[in-house]
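Counting starts at 1 for both ligands and their atoms, in listed order.
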Amino acid sequence: MIYLDYAATSPLEKEVLDTFNAINNRFFANTSSSHKLGFEVALLESKARKQIASLFSCKENEVIFTSGATESNNMAIKGIALKYANRGKHIITSLGEHSSVLNCFKQLETEFGFRVTYLPLQDNGEINYNDLEKSMTDETILVSLMSVNNEVGSIHNIKLISDIVKKYNKAFLHVDATQSIGKIDIDFSNVDLISLSAHKINGFKGSGLLIKKSRADLFPLFNGGGQEFAYRPGTNNFPYEVCLAKVLRIAFENQKSRYDYVKKLNDLLRKELSSIPGIKFNSPDNASPYILNFYVNKKASVVSEALSNKDIYVSTQSACSSKKTKYSHVLQAMGRSIVESENSIRVSLSYLSKEEDIINFVNELKNILKNIK
Ligand code: PMP
């Protein structure tokens with residue numbers, strides 16, 4: 001098998017599974033229980049929260065455990081919009097965001113009367129930062145932009161974005177950091193809310209975080225027993241929390257060496273693909289090395305199926321939208337034609353990828369492209 005779809009999800013780190021098994025048997029008590037076993041678990045939970053807070057240079061009560069980036073994005077975007085609607089009803093995002101962000105904005109627009117600015121993307125996958133500056137008003141209460149695009153790997157300049165947003169003291173900045181955490185260095189120092197999912201960095205599916213700086217408050221989407229500072233009540237999934245702290249630590253500690261390794265693989269992939277006639281890269285040269293998106297000049301769905309029959313796994317767009325639409329909204333937002341948006345492939349890499357995976361993938365791709373009319 002050659003798996004080249006790590007931006008969709010990644011296998012569980014063995015060390016993390018060992019941790020899960022070790023704590024799941026002994027520390028199964030409810031973190032809210034008022035007995036010794038409950039206190040023990042609550043203490044360990046607080047330790048995990050502290051470890052995560054130190055990785056993000058934030059306070060313990062700014063770390064909210066969630067089921068993943070979809071939930072974190074919903075909590076952050078709707079939570080800020082509904083909490084601060086009385087300050088202004090203008091919110092900003094981009095056309096290239098993940099569906100869990102875009103659909104929140106659509107709902108706020110159509111059902112709650114917010115005015116939404118959807119910034120277009122340049123052909124390199126980034127917004128035009130001047131467009132953002134021009135769109136900001138005294139009524140703007142939220143800007144939500146991703147750090148790394150999940151389909152093409154383009155990297156937003158979050159420092160520049162936060163400098164613009166911070167000129168407006170009513171506005172909060174949310175960053176969907178799902179594809180950058182543990183992979184790319186991003187300056188989050190002036191970001192109010194950060195979303196991420198554990199399974200993109202070899203943690204558990206159904207586990208994630210919302211980092212929410214204390215200057216931002218949220219309208220709580222859920223009501224219940226007050227867990228997670230009453231923003232995300234419900235019995236805590238303590239083993240997942242400890243595992244998330246662990247997998248984040250591993251990813252942060254190894255970020256530089258993993259990046260350098262994956263960059264070499266990406267350079268090799270670009271070089272090998274360049275020898276195939278008709279292939280054009282959609283990912284800009286300065287994209288995250290973890291993601292390479294390219295146009296194949298043949299039906300991408302047919303190419304991907306043929307690869308899959310050879311036990312080689314890539315993606316035709318993000319897994320979250322591929323069952324709904326035929327073409328990528330991100331490539332469309334970058335100004336690509338419908339044909340280009342339909343016929344592009346995303347390869348996504350990991351520190352687990354191997355040089356021979358790249359060579360074998362490109363050889364198979366060459367054969368497949370030759371045989372498709
Ligand atoms: N945002 C981005 C940028 C993503 O890539 C993903 C996963 N494809 C999500 C949000 C949603 O993550 P999850 O499915 O784990 O909730």
**Study point:** Residue of the set N150, N282, D5, N293 for which side-chain hydrogen bond (donor to acceptor under 3.5 Å, both in side chains) holds with R346
**Key:** D5

Point to revise | More than 12 heavy atoms of other groups within 6.0 Å of K213 NZ | key: yes

Exercise for review: Check ligand 1 against A69 and write out every atom of the ligand that is under 4.0 Å from a heavy-atom position of the residue.
Suggested key: 9 (C), 10 (C), 11 (C), 12 (O), 16 (O)

Review point. Taking heavy atoms and a distance under 4.0 Å, where does T70 meet ligand 1: side chain, backbone, both or neither?
Key: both

Review point. If Ile, Leu, Val, Met, Phe, Trp and Tyr residues are connected whenever their side-chain heavy atoms lie under 4.5 Å apart, and connections chain through other members, are Y129 and V152 in the same group?
Key: yes

Practice item. Check step by step if salt bridge (charged side-chain N to carboxylate O under 4.0 Å, His left out) holds for D260 and K256. Key: CA-CA 6 Å; D260 291 344; K256 170 84 174 68; 2.6 Å; yes

Review point. Would you say K264 has more than 12 foreign heavy atoms packed within less than 6.0 Å of its NZ?
Key: no

Review point. For ligand 1, which atoms, with element, lie under 4.0 Å from some heavy atom of M146?
Key: 3 (C)

Exercise for review: For H199, counting its heavy atoms only, list the atoms of ligand 1 lying under 4.0 Å from any of them.
Suggested key: 13 (P), 15 (O)

Point to revise | Ring centroid separation Y6 to Y351 under 6.0 Å | key: no

**Study point:** Heavy-atom gap K200 to ligand 1 smaller than 4.0 Å
**Key:** yes

Exercise for review: Check each atom of ligand 1 against the heavy atoms of S197 and keep those under 4.0 Å away; list them by number with element.
Suggested key: 12 (O), 13 (P), 15 (O), 16 (O)

Review point. Do ligand 1 and E71 have nitrogen or oxygen atoms that lie under 3.5 Å from each other?
Key: no

Point to revise | S100 N/O to ligand 1 N/O under 3.5 Å | key: no

